[in-house]
Amino acid sequence: MNAIPKDSRLRYHCQLRQSAAERRADTHPLTWRLREDGARVGLEEYRDKEGYRAAAHALEHCSSADVIDTMKKANVRGRGGGGFSAGVKWGLTQVGDHLPRGYLVCNADEMEPGTFKDRLLLEQLPHLLIEGMIIAGYANRSRFGYIFLRGEYVEAAHSLAVAIEEAREAGWLGSNVAGSGYDFDIALHTGAGRYICGEETALISSLEGKRANPRAKPPFPGQSGAWGKPTVVNNVETLCNAPAVMRHGADWYQGLSGGLSDDGGTKLYGVSGLVERPGLWELPIGTSGREILERAGGMREGHTLKAWLPGGGSTGFLLPEHLDLALDFDTIGQHGSRLGTGLLTVVSERQSIVSLLRNLEQFFARESCGWCTPCRDGLPWTVKLLQALERGEGEQGDIEILEQHTTDLGPGLTFCAHAPGAAMPLESALKYFRDEFERGVTHPPRTAHADPIPVGEV
Amino acid sequence: MTESARHIASDGEGFTLADEDRRAIEHERDHYEQPQAACIEALKIVQRRHGWVPDAAIPAIAEVLDIGPASVEGVATFYSLIFRQPVGRHVILICDSSSCFLTGYEELGDALDKRLGIGLGQTTADGRFTLLPVCCLGACDRGPAMMIDDDTFGPIAPDDLDELLEAYP
């Protein structure tokens, strides 16, 4: 069907910028097994590289509680952006032994603008994810696992389907996994578009074959998720951390960050935007934005850094002066943004924040599931105001309405985190680049009644 | 997709689920606790054969899954990769998210509009291409990026378009 060869300079091939020589098993638990040629690591090669030893150890020597305890001690925090402790989440399904065994769902619905990390693991190291899911499933008493993969990741779907089959044939999936008495299998579930599917409860709705509307919490999925059963939803990168934690222990994992952060482990960091060498690196968690930007070769010639998003479109803008902050959950949270997925989107001095924000809010408006009013109506309103300001046709009061939206679309006033995610870059842009918005205001209020709307606490 | 298949599908009438597709949907159904969960995959199975999902396919899918047609319709209209009207032989998904926006999505989009003579959501008169926007493609390190059918490309300069599109007759 496609006459363009696979290695065409045009064709996208997900790659890590670190060479095999730079990556070691004891310092790069996520990526040391990757092949230099970027091809999928098959079962045999994965086994040669210590594959499935962690799962074998966990199933043979640990109880569910032991695994959860190790994960809690290691404090593996959710790499999908939430930063919630994976061990605690796995433990939530243990409340009351009367609960039926439930489901483990791997969130591989990577659609956050600026985020391209899980694709690497899905395409090239599918067995690492499967091993992580076996460990997680065993710990949280899941009877079955689903990999919820976005529909556009065609190569990842192929890679995962082959790997699942290989694992099943080798006895790592199915009944009595590796002779342990534990039954666990995995099915690949591919989506059909819509960013909201990445939200934990919306993902469960979508998995059940419904519109991807989020659900009210409580009950939390740990008690009542897919088909009313206890359900754990974890990001790809989170699950891929589990084998190394079980193999080397919590203390080792904690030590990986080398004192850069109170958090442990490594993180897949990356950079996109007008930099010399955009890409992806596995680095100790807590590495600074400056170091990551330097690995990307700095800004392209003729450009200087104006602002950056630390981890996708739903995180707040940071400034060049924030580059030395440790990129971990708490530090970035203390500075008015979120680590999110840890992939930097950089903005050049020559690029307009209002235009970028308009692009971001258009994305959020388009992707709102429409379930609750603030999100469904507030986001298109935001886009209209930003379009007017971008054209230099804004009216007095527009900025105040945008400010009010940062409150009205904020946490607690909507069903899920979609609109609060959209409010975060808006709020930070108004804080740091208000002059750019003011330049877009050239008209008086449209009518005499259009007094500025009272602004709530921002 | 053959021309005859497209014709039947476009009519919206006389739709019958191919035996192979019915078996594929029934197979998917077995992966879940409840059959409705196979709904999205069922729509994709129909779409793979016909290029899009005609109205008449909805009750056929509903029957296999033993759910109401309205449930299937609700799902079919929600997801952006389920097409409810005919699309071209090749679907171009252009990433318009932040990283591609910062690396030249708008110039690429303009060049595509000019080259194909269509805007987003439209199909070329010869039925060759349909152009649609898509959520961040996860190819941010090589923006601006786009997909043609199952293939992802990036970064794409407007000058690359001719060579790229040629491969999709």
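Convention: sequence-line order gives letters A, B, ...; per-chain numbering from 1. For clarity, every value in this text was computed on a predicted model and none was experimentally measured.
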Handout entry: Axial cation check for B/Phe78 ring with A/Arg211, 6.0 Å and 45° limits
Key = no
Handout entry: A/Trp281 atom CH2, neighbour heavy-atom count above 12 within 6.0 Å
Key = yes
Practice task
Pick one of side chain, backbone, both or neither for A/Gln362, based on which atoms fall under 4.5 Å of a heavy atom in chain B.
Solution key: neither
Handout entry: Contact origin within A/Arg17 toward chain B - heavy atom pairs under 4.5 Å
Key = neither
Handout entry: Residue B/Glu41 versus chain A: region with a heavy atom under 4.5 Å
Key = side chain
Problem - For the student: nearest non-hydrogen atoms of A/Val346 and B/Leu102, plus distance - result: O-CD1, 3.5 Å
Handout entry: Sub-4.5 Å side-chain heavy-atom contact between A/Tyr12 and B/Met146
Key = no
Handout entry: Test item: side-chain donor near acceptor, A/Lys210 and B/Ser71, under 3.5 Å
Key = no
Practice task
Take B/Glu33 and A/Glu208, measure what side-chain contact (heavy atoms from CB on, under 4.5 Å) needs, and give me the verdict at the end.
Solution key: CA-CA 9 Å; B/Glu33 198 168 317; A/Glu208 291 179 353; over 6 Å; no
Exercise for the section: For chain A, find which of B/Cys100, B/Gly104, B/Ser99 contributes the most heavy-atom pairs closer than 4.5 angstrom. Expected result: B/Ser99
Handout entry: Side-chain heavy atoms of A/Ser272 within contact of B/Arg142, under 4.5 Å
Key = no
Practice task
Check whether A/Thr190 gets within reach of chain B through its side chain, its backbone, both or neither, counting any heavy atom under 4.5 Å.
Solution key: both
Problem - B/Gln85 CD: over 12 foreign heavy atoms closer than 6.0 Å - result: no
Exercise for the section: May I ask you to check whether A/His189 and B/Tyr32 place their ring centers less than 6.0 Å from one another? Expected result: yes
Exercise for the section: Search all heavy atoms of A/Phe116 against all heavy atoms of B/Ala139 and return the closest pair with its distance. Expected result: CB-N, 4.3 Å
Problem - A/Val154 side chain reached by B/Met147 side chain, heavy atoms, under 4.5 Å - result: yes
Completion exercise
Of B/Ile82, B/Ile40, B/Leu137, the largest count of non-hydrogen pairs under 4.5 angstrom with chain A goes to B/Leu137
Handout entry: Within 6.0 angstrom of B/Asp30 CG, more than 12 heavy atoms from elsewhere
Key = yes
Exercise for the section: Check A/Ala212 against B/Tyr79 and note the closest heavy-atom contact, atom names and distance. Expected result: N-OH, 3.3 Å
Exercise for the section: Heavy atoms only: give me the nearest B/Val134-A/Glu152 pair and the separation to one decimal. Expected result: CG2-OE2, 3.3 Å
Problem - Winner by heavy-atom pair count (cut-off under 4.5 Å) against chain B, out of A/Arg300, A/Glu110, A/Glu367, A/Gln351 - result: A/Gln351
Exercise for the section: Check each atom of A/Arg350 against the heavy atoms of chain B and say whether the ones under 4.5 Å are side chain, backbone, both or neither. Expected result: neither
Problem - Contacting region of B/Leu43 [heavy-atom separation from chain A under 4.5 Å] - result: neither
Problem - Salt-bridge criterion met for A/Lys117 and B/Asp141 (N-O under 4.0 Å) - result: no
Problem - B/Thr152 side chain to A/Tyr153 side chain, donor-acceptor N/O pair below 3.5 angstrom - result: no
Practice task
Can you measure from CG (B/Asp150) to CD (A/Glu155) and round to the nearest 0.5 angstrom?
Solution key: 9.5 Å
Problem - Spatial distance of atom CG (A/Asp185) from atom NE2 (B/His31) [nearest 0.5 Å] - result: 8.5 Å
Problem - Residue selection (most heavy-atom pairs with chain B, distance under 4.5 Å) from A/Leu274, A/Leu360, A/Leu356 - result: A/Leu356
Fill in the blank from the handout: In this structure, CG of A/Leu357 is separated from OG of B/Ser98 (nearest 0.5 Å) by 11.0 Å
Problem - Max heavy-atom pair count under 4.5 Å with chain B, selected residue of A/Ala192, A/Gly193, A/Pro113 - result: A/Ala192
Fill in the blank from the handout: A/Arg366 and B/Cys135 have their tightest heavy-atom pair at NH2-N, 3.5 Å
Problem - Portion of B/Glu166 that has a non-hydrogen atom of chain A nearer than 4.5 angstrom - result: neither
Completion exercise
Taken to the nearest 0.5 Å, the spacing of A/Arg194 CZ from B/Ser80 OG works out to 6.5 Å
Completion exercise
Checked A/Ser355, A/Ser348, A/Gly313, A/Cys14 vs chain B; the most non-hydrogen pairs under 4.5 Å come from A/Ser355
Completion exercise
Turns out that what part of A/Cys369 lies under 4.5 Å from chain B's heavy atoms comes down to both
Practice task
Counting only heavy atoms closer than 4.5 Å, note whether B/Val72 contacts chain A via side chain, backbone, both or neither.
Solution key: neither
Problem - Under 4.5 Å from a heavy atom of chain B, the part of A/Ile196 involved - result: side chain
Exercise for the section: Sort B/Ala38 into side chain, backbone, both or neither according to what part of it lies under 4.5 angstrom from a heavy atom of chain A. Expected result: neither
Exercise for the section: Could you pull out the closest heavy-atom pair between B/Ser97 and A/Phe363, with the gap in Å? Expected result: OG-CD1, 3.8 Å
